[in-house]
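What follows is a short report on a single structure.
Chain letters run A, B, ... following the sequence lines, proteins first and then strands; every chain starts at 1.
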Amino acid sequence: MEILATFFNVGLVVATIRTTTPILLVALGGSFTTKAGIFNIGLEGQMLIAAFFAVIGSIWTGSSFGGLLIGVAAALAFALVYAVLVVSFRANEVVVGLALNILAGGMTISLMKAIFGTRGSVVGRGIVGLPKVQLPGARDILGPSYAQLISGYTPLVYVAFLSVPLLVLFYARTRLGLYLRVVGEKPEAAETLGISIARVRYIASLLCGLFAGLAGAHMSLGYITMFTENMSSGRGFMAVAILIFSAGDPLKVLLGCLLFGFADAFSLRLQILNFPSYLILAVPYAVALLALFALSWRTRPKLIRETLETMRNALAEKPQDSGGKLPADNRP
Amino acid sequence: MISSLLPRNLRRTLAGQLLALAIALALGAVVILMIDENPLRVFATLMRGAFGDSEKIAGTLLQTTPILICGVAACIGLRGGMFNVGIEGQLFLGGFAAAWVGFSFALPPVLHVLVAVAAAVAAGAAWVSVPAYFRVRFGANEVVSTILANYVAVLLTSYFTIFLFKRPGGWSETPPILPSAYLPELFSFSRLNIGLLIGLALAVATALFFRFTTTGYAVTMVGSAPKFADYGGINVRRAGFGVLLASGAVGGLAGGVETLGVHHRFMEGFAPGFGFDGLIAALLANGSPIGTIFTALFFGALRAGSLLLEVDTTASREIITVIQALIILAVSADLLLRRKGDRTGGRRWKF
Amino acid sequence: MDIAVQLQGITKRFDAFTANDRIDLSVRRGEIHAIIGENGAGKTTLMNVLFGLLQPDEGTISVNGKPLVVTSPAVAIAEGLGMVHQHFKLVPSLTVADNIFLGMEIRKRGLIDRKAQIEQARTLSRKFGLNVDPAERVAGLSVGIEQRIEILKVLARNARIIILDEPTAVLTPQESRDLFATLRSFVEDGMTVIFISHHLEEVMAVSDTITVLRDGRVVATRGKSELSKRELVRMMVGRDVSFDRRPRSPGSGRAVLSVSDLWARDDRRLPALKAVNLSVSAGEIVGIAGVAGNGQTELAEVLSGLRPASHGSALLHGKELLEHSPAEIRARGLAHVPGDRLARGVDGNATLSANMLMGRQRKQPYSRRGLIDWRAVDRETKALMQRFDIRARGPRDLASSLSGGNIQKVVLAREFTAGGDFLLIDQPTRGVDIGAQEAIHSEIMRQRADDKAILLISTQLDELAALADRILVMFEGRIMGEIDGAAMDEESIGLMMAGIDPVAAAEVQ
Amino acid sequence: KVHVAAISGYFAQGFGVSIVNGLNKAKDDFGIDLKLVDTGNRSLDYEEQFANLAKSGEYDLIFVMGWELVDALQKVSAQYPNQRFIFIDGVLDSKSMIYANFAEEQGSFIAGALAGMVEDLGPSFDKIGSGKAIGFVGGRDIPVIRNFLGGYEQGVKYAAPDVKVNAVFAGTFDDPAKGSELAQTLYGQGADIVYNVAGPTGEGVMQASAAADKYSLGVDIDMCSSAPGNVLASMLKRGDVAVYSIIKDEVQGKKVQPGARTFDLASGGVEVKLCDDVAAKLPQAIKDKLETLRQDVIAGKITIAKAK
Ligand SMILES: Nc1ncnc2c1ncn2[C@@H]1O[C@H](COP(=O)(O)OP(=O)(O)OP(=O)(O)O)[C@@H](O)[C@H]1O
Ligand SMILES: Nc1ncnc2c1ncn2[C@@H]1O[C@H](COP(=O)(O)OP(=O)(O)OP(=O)(O)O)[C@@H](O)[C@H]1O
Ligand SMILES: [Mg+2]
Ligand SMILES: [Mg+2]
C-alpha cells in the first residue's frame, strides 16, 4: 500500500500537469495548421528558437514578459518563413519543416556562442523566469497539499489548459475557425466562395507560431529558467504525433497530451524500482503507440456485432416484406 | 508520373534549382560574412573537403551511402502512399541486428556477411511490421506510429547495447564483429565499402521496379489512387503492407551496411539523423529513387566538405548546419512558380 | 436589349491546347440560356473563366453592361453571379446551413450565430421551394439534396445570374422537373440562368436561347423556337443521332448472375440493401431504375467485392462471389463501370495508358513475366481511344486533363474490353454528350449481342427504355417490382421509384 | 608558438565546458594557437575529423574527449605516430598517447559522504526530512556516469549506512526540463538531497531543488550559484586544471610525453567544494569528517572501486 502511495499521489497529478503543458501548448499551435490542411513537422524548431529568444529577451529587457514577447516573435518569424515557402512557393511541407528544425538548432548554438561566448547552456546571467501564480484562496479551500493541484504554476500552464475550451469555441463558432476547417477539409469549396486559401493558411501558420512560441518560452522561462542546446528534446515531434491522431481537435489533443504527460510522469516514478532506465524511458512512447493501436482497433468493423444487428433487423423487418414471394426461411 | 521526366519540365526544374542554390549560397555568404570569414574561401574549402582528392571523394561517397539507402527506403514508402518516418528506428535495429550476428556467430566469410545483412533487413522489416499491420488492417496512421517507434527503437538498442551485450571495459558499444562479417572495402585509402554499390544498385532497381514491373505498377497505383486500385482488383492492404515492409527492410539494410561496412560494431546512438536525411533527400527528389542518388550525393558532399571546413576555417559546425538548412529550404521551394491561376494549395502527401 | 452577361473574344489555352477559341456570348437578362456541346467542347472552361476560377488569355467580360476583370470568384459573386459546379463543392463535415452561409456567415458578437443561420436557411429554402433540413450534416446526403444546397448557396448570395454546370446529370427525372420549375420561377423574378446540359429534351423544354459550342468555338446561338432537336444534334455532333429503342435478338438465356436475399450496409452503417433478389442471363440487359441513393451504388459495390455484404448470396456462374476479393471476382468474369468515376474509375494523376492498364497488368501482351511492356500498352490505348472516340492528345496525357465525358469513355473502354462476361454498368452516360451517348449505347448493345450478361444501373429512364430487356425498380434498398423493358410505362415506374407498389396503389383506387 | 587543438562532442556539457575554460585560460596566458573541433554526434564523421587535424601536422597537441571517439582515435593515431594525442578521461591500450585520467569516483565518494551525513542529521537540519533517502540523477546510463554513481554510493554507505540512494537516469544530457521533473519526483518520494551528474539536464535538477526547497549537489563545475541556498556543494572535475597544466608544461619546454597523468583528490583534479551559504550552517563535525575522509582517500586508507 505504501509503495502505491509513493506512486499515486497528488504529486503525480501535479507532475502530469507540468509534463503535459509544453506539449499541449505546441500541439495546440499545431492544431491550427493541421486543421488548415498543413502537415507541420517544424514545431520542434519553432519551439526551440522561441525558447532561446525568450531567454535573450528576458535578459535584455530584464523582464520575463519581455522575454515571452521576444520569444514568441522569433517563433512567428520562423512560422512566417514556413508559410512563405509552403504556401506561396509550394515547397514540400515536410522538407521545409525538417529544414527549419535543423536551422533552429544551428542558429541557437551559433547565436549562443556569439552572444554569450559559450556553448551548451545559458543559466543565470540575469534571466528572469516567469512568476508562479498563487491563486488566492486555493490554500484555504483545498488545504496545502491539494492546493498545488491548481495553484502555484507559471502563467503559461493556465494559458495552455484554458486555451483548450477557447479553441473548441474558436473552431465551432468563429469565422476564422470555420475557414481554417474548410480550407483543410475542402479547399475547392473555400476557393469558389472567395475565401483565400493562401491567406487562411498564412494565418494558420502564424497562429501556430504563436503557440509554439509560447511553448518555447514556457520551456525556458516557466518550466525551468535557462536555455540549453536542443532543449525542446523531441516534444515538438511528440506533438506532431498527437496532432495526427487527434486530427487537430482541441479536446483530443488535450487527451493525447495528458496521456503522454501522465505516462512520462509515471514512468519517471517507476525508475526507483530499478528497472533499466532505457526501458523505462521508452514507456511513454510505448504507451502512446499502444493507445494509437487500441484506438484504431476499436474502430474496426465489428463483424460479429454487425452480423447480429443485421439479423435482428432482418427479422424485425420481415413482416413488412411484400408478401411471401421471397424465399424467407433459409436464413440462419 | 512520367511527365516529370519530360525535357521541358526537366529544364525548368533544373533552372529553378540552380536559382535556388544561388539564393541559398548568397544567404550563406551573408551568414559567413557575419562571422568574419571570407565566403569564397569557405565555399572553396567546402568543395575541397568534398572533392579535393580521391580520399575526399571517397569520404563524400562514404557519407552518401547511408543517406542514399535511407532515401531509397523513403522513396519506396512514398510511392506506395506510405509515409515511413520510422526509417531512423529501422536503421538502428538493422544496425544492431547485423552487429549481433557479426559478433555472436562465427561463420565463413561471405556467408557471414550475407547472414548479417539478412538479419539487418529482417530486423528493419520486423520493426515496421507492427505499425504496418495496424495501418493496413485498422487504419492506424503510420506517420504517428513510426515516429513513436523511432524513440522506442533507439532506447531499445541502447538497452541491448549497454545491458545485454556491452563490450567488457568498453564504452557503450557491443563487442566488435568478426572480420568475416566485414563488408569488403573498395579502396585501400578509405572506409568506403560496397555499401555504396548496394545503395546505387538498390536505387536503380527500385526505379526499374516501379517503372516496369506489374507489382511496381500496382503499388504505384495504390499510392496515387487507392480507391481506384481497390476497384481495379489490386489488394490495397497487401500492397500497403508490402510497401511498408520493404521500406522498413531497406531502412534496416542501411543500418546493417553502416555496422558491417564502417563501424564494425554497434554503438549507442551510432547514426542519428540519417533516417531524416534520407527522408529529406527522397522528398527533394520527389520520390524518385534515381533523383535520390543525386540529392543524397549532394547531402553527402555537404557533410564531407563541412568536416574540412571546421578544421581549415573559423566556421564552426553550427554555421555549417545553418548554411545546409538554408540550402535545403531554398531548393525545396518551387521558385519558378508557373500556374498562377489556381490557388488551391495542392498537397502532395495526405495524412 | 438588356444584356446580363457579355463575353467577347474569350480565348483560354492550356499549354498548347486551346479550350476556348475567341468565344463571343451574350446572355439577356431574364432568360434561360443553355450551352450545349460535345464533351471537351469547352463549356466548363468558359464558365470557369466567367466565374473567375480561370483567367482568360484573351477577351473581355462584362456583366450588367459593366466591363469586369474577374480576378477571383469573390469578384464574380460581388457582381451577382453564382455558380453551381459540375462537381459539387460542399464541405461534408459542416451542416447544410453552415455550407450555405460559408463566406458570409451571420454573426452575433463576433461568433457565428448558428441558430440564425439555420433559421434563414429554412426561410430561404421555403421561399424557393427547395426542401432541405438546414441543421443536418452534408456528409451522407444524397446528390439531389446536395444540389439543392448548392443552389441555395447561390441564392443566399443574392445572385441574379446563376450558372449551372450539368445540373441534371445526377438527378432523377422528377428531381430534374422540380429543378426546372425552380429555374423558371427564378427567371420570372427577373434572374438570369445559364446552364449546361447534355439532355436535349431538357434543353428544348426549358431554355429560351441555346448556344452550341464545338471544339472550343461557338457554332451558333439561336432562340429555341428557331431550332429543332434534330438541328441541334447536327450542330453539336455533325451527324444524326437516334435514341429509339434498340432492336435486339433474344439472348441465350443461360443464367449468369443470381442474387438472393442480399443485405448490405452503407457507409453510415445503415441498411442499404434489403433482401434483394435478381438474376441476369447471358445476352440480357437488366436495368435497375431508381432515384439515386436508393442502394444502387451499394448493390454494384457488393457485387464487385468492394463492399462486404451482411447477408445473402450472389452466384456468378453458379459460384458464390460474396466474400471474395475484387480481383477474384474480376478474374471470374466481372467488368465494372463504377458510378463515381473520378474516385474509383480513374487515377487522374496517371496517364491514360496507366489507367487503361488497370486490371490487365498481368495479362499478355501488356506484360510478360511480371514486366510491363509500355509500348504495347500505349499501342492498345491508342487503339481504344480511336474505337471509343476519346478526345485527348495521346496515351501519355494525364487523365485529369480530360473533360468529364471523355474520362467516362476511358472507363468504359477499359471495362468493355476487359473480357468479362458479366458487365456491371453504373450510370454509363452520366455527363456524356449525346454523340458519345449513342456510341456508348451501341457499344452496350454490341456487348449484349456478344452474349454478355449486363446489369445496367441508370437514373435516366430513357436510357433504360432504349436498352433494357427488363427493368427492376429500387426504392430504399428493396426491389419494388419488375417491368418489361419493351413496354415501359413511366407512370408506374415513377410510382415505384417513389416507393409505392403500383399493384397496391391500383387496389386502393 | 604552441598549436593546440581540442576535439570532442561534449564541449557544451559540464565537463567539456570546464575543459574549454582551461584551454581559453591557456590561450590568454600563453598566447597559444587554439582550434576547437566539435565532432557532433555521428560516429561516421570522427575518423575524417581526426585525419583532417592530424594530416596537416600543424598541431603540437590534440586533446580528445569522449569515449565514443576511441576507435577512430586509435586508428588515426596509428596512422600518424608522430602526432601527440591527449585522451582525456581514461586510459587506453595504446602506448603512444598521453592520458589525463580523472578519479571522479573519489570526488563522488566525498560528495556521497557529505550527502549521507547531512541526511543523517534528520529534521534537525534545515530542509531535511526524516526519510533517510537521497537521490542521484544521471544523464545517460553509461560507464562514466556509473563511475560517479558508484563512488557516491560507496561514500553514502561509508558515512551513513542507513541512508538509501535512489538513482535515476534522464537518458539525455540536454533536457533540463526532464532533469527537473526527475528531481522533483525524487524529492516527492522523500529524497532530501539529489546529486546530478547530467550536464545541462542537471541544471534542471539544481532548479528543481530551489523549487522544492531541498538540497542538490552540483557536478563538474561550480554550480553553487544555480540555486543559492539549495546547493550543498559541487563535485568539481577539474578538466580546466588538467589541460592547463599539460599546456603549461608544453609551453615551458617540458615536452609532454606519452603516459598517464592522474587527476584525483591528491592532485586537486577532483574536489568537493562546499557552497558558502550552506557551509556556514553545516555542523563543524561534518566538515571535519569530510577533511579526514579526504586525507584517508589520498593516503590510500580508503580505496574506492571504479565501476566497470
Ligand atoms: N475572404 C477571406 N479569405 C481568407 N480569410 C478571410 C477572408 N475573410 C475573412 N478572413 C479571415 O477571417 C478572419 C475574420 O475575418 P473578419 O473580416 O470577420 O474579421 P473581423 O471583422 O475583424 O471579425 P471580428 O470583428 O468578428 O473579429 C480574419 O482573420 C480574416 O483574415
Ligand atoms: N486544367 C486543364 N489542363 C489541361 N487541359 C484542360 C484542363 N481543363 C480542361 N482541359 C481541356 O479543355 C477542354 C475543354 O474542357 P471542358 O472541361 O471545358 O469541357 P466540357 O465542354 O465541360 O466537357 P464535358 O461536357 O465533358 O464536361 C478539354 O479537352 C479538356 O481536356
Ligand atoms: Mg464540363
Ligand atoms: Mg461533363
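For residues 320-349 of chain C, every residue pair satisfying the ring-ring contact (aromatic ring centres under 6.0 Å, His included) rule, not counting sequence neighbours, is listed here: B:Y231-C:H336. Residues in residues 322-337 of chain C take part in these salt bridge (charged side-chain N to carboxylate O under 4.0 Å, His left out) pairs, two or more places apart or across chains: C:R330-C:E415.
When heavy atoms are compared at a cutoff of 4.5 Å, C:L357 approaches chain B by way of both its backbone and its side chain. Neither the backbone nor the side chain of C:R360 comes within contact range of chain B; no heavy atoms are under 4.5 Å apart. Looking at C:L54, there are no atoms closer than 4.5 Å to chain B (heavy atoms on both sides), in backbone or side chain. Neither the backbone nor the side chain of C:D373 comes within less than 4.5 Å of any heavy atom of chain B. Residue C:V411 touches chain B through its side chain alone, counting heavy-atom pairs closer than 4.5 Å.
Of the listed residues (C:S304, C:P338, C:S367), the greatest number of heavy-atom pairs within a distance under 4.5 Å of chain B belongs to C:P338.
Counting all heavy atoms, side chain and backbone alike, C:A327 lies closest to B:G233 at CB-O, 2.9 Å. C:W374 approaches B:R211 most closely through the heavy-atom pair NE1-O, 2.7 Å. For the pair B:M221 and C:A350, the tightest heavy-atom approach, listed with the atom from each and the gap, is CE-CB, 4.0 Å.
To the nearest 0.5 Å, atoms OG (C:S325) and CZ (B:R238) are separated by 8.0 Å. Between C:D347 atom CG and B:F228 atom CZ the span is 6.5 Å, to the nearest 0.5 Å.
Here the rule is side chain to side chain donor-acceptor pair (under 3.5 Å) with B:T214, and of C:R362, C:K363, C:R368, C:R369 only C:R362 fits it.
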**Prompt:** Going through the distances and angles, do B:T215 and C:Q361 end up as a side-chain contact (heavy atoms from CB on, under 4.5 Å)?
**Reply:** CA-CA 9 Å; B:T215 315; C:Q361 66 269 24; over 6 Å; no
**Asked** Can you check side-chain hydrogen bond (donor to acceptor under 3.5 Å, both in side chains) on B:S224 and C:N349, steps first, answer last?
**Response** CA-CA 7 Å; B:S224 72; C:N349 297 321; over 6 Å; no
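Looking at B:D230 and C:L306, their side chains come closer than 4.5 Å, going by heavy atoms from C-beta outward. Looking at heavy atoms from C-beta onward, B:Y217 lies out of side-chain contact with C:Y366 at the 4.5 angstrom threshold.
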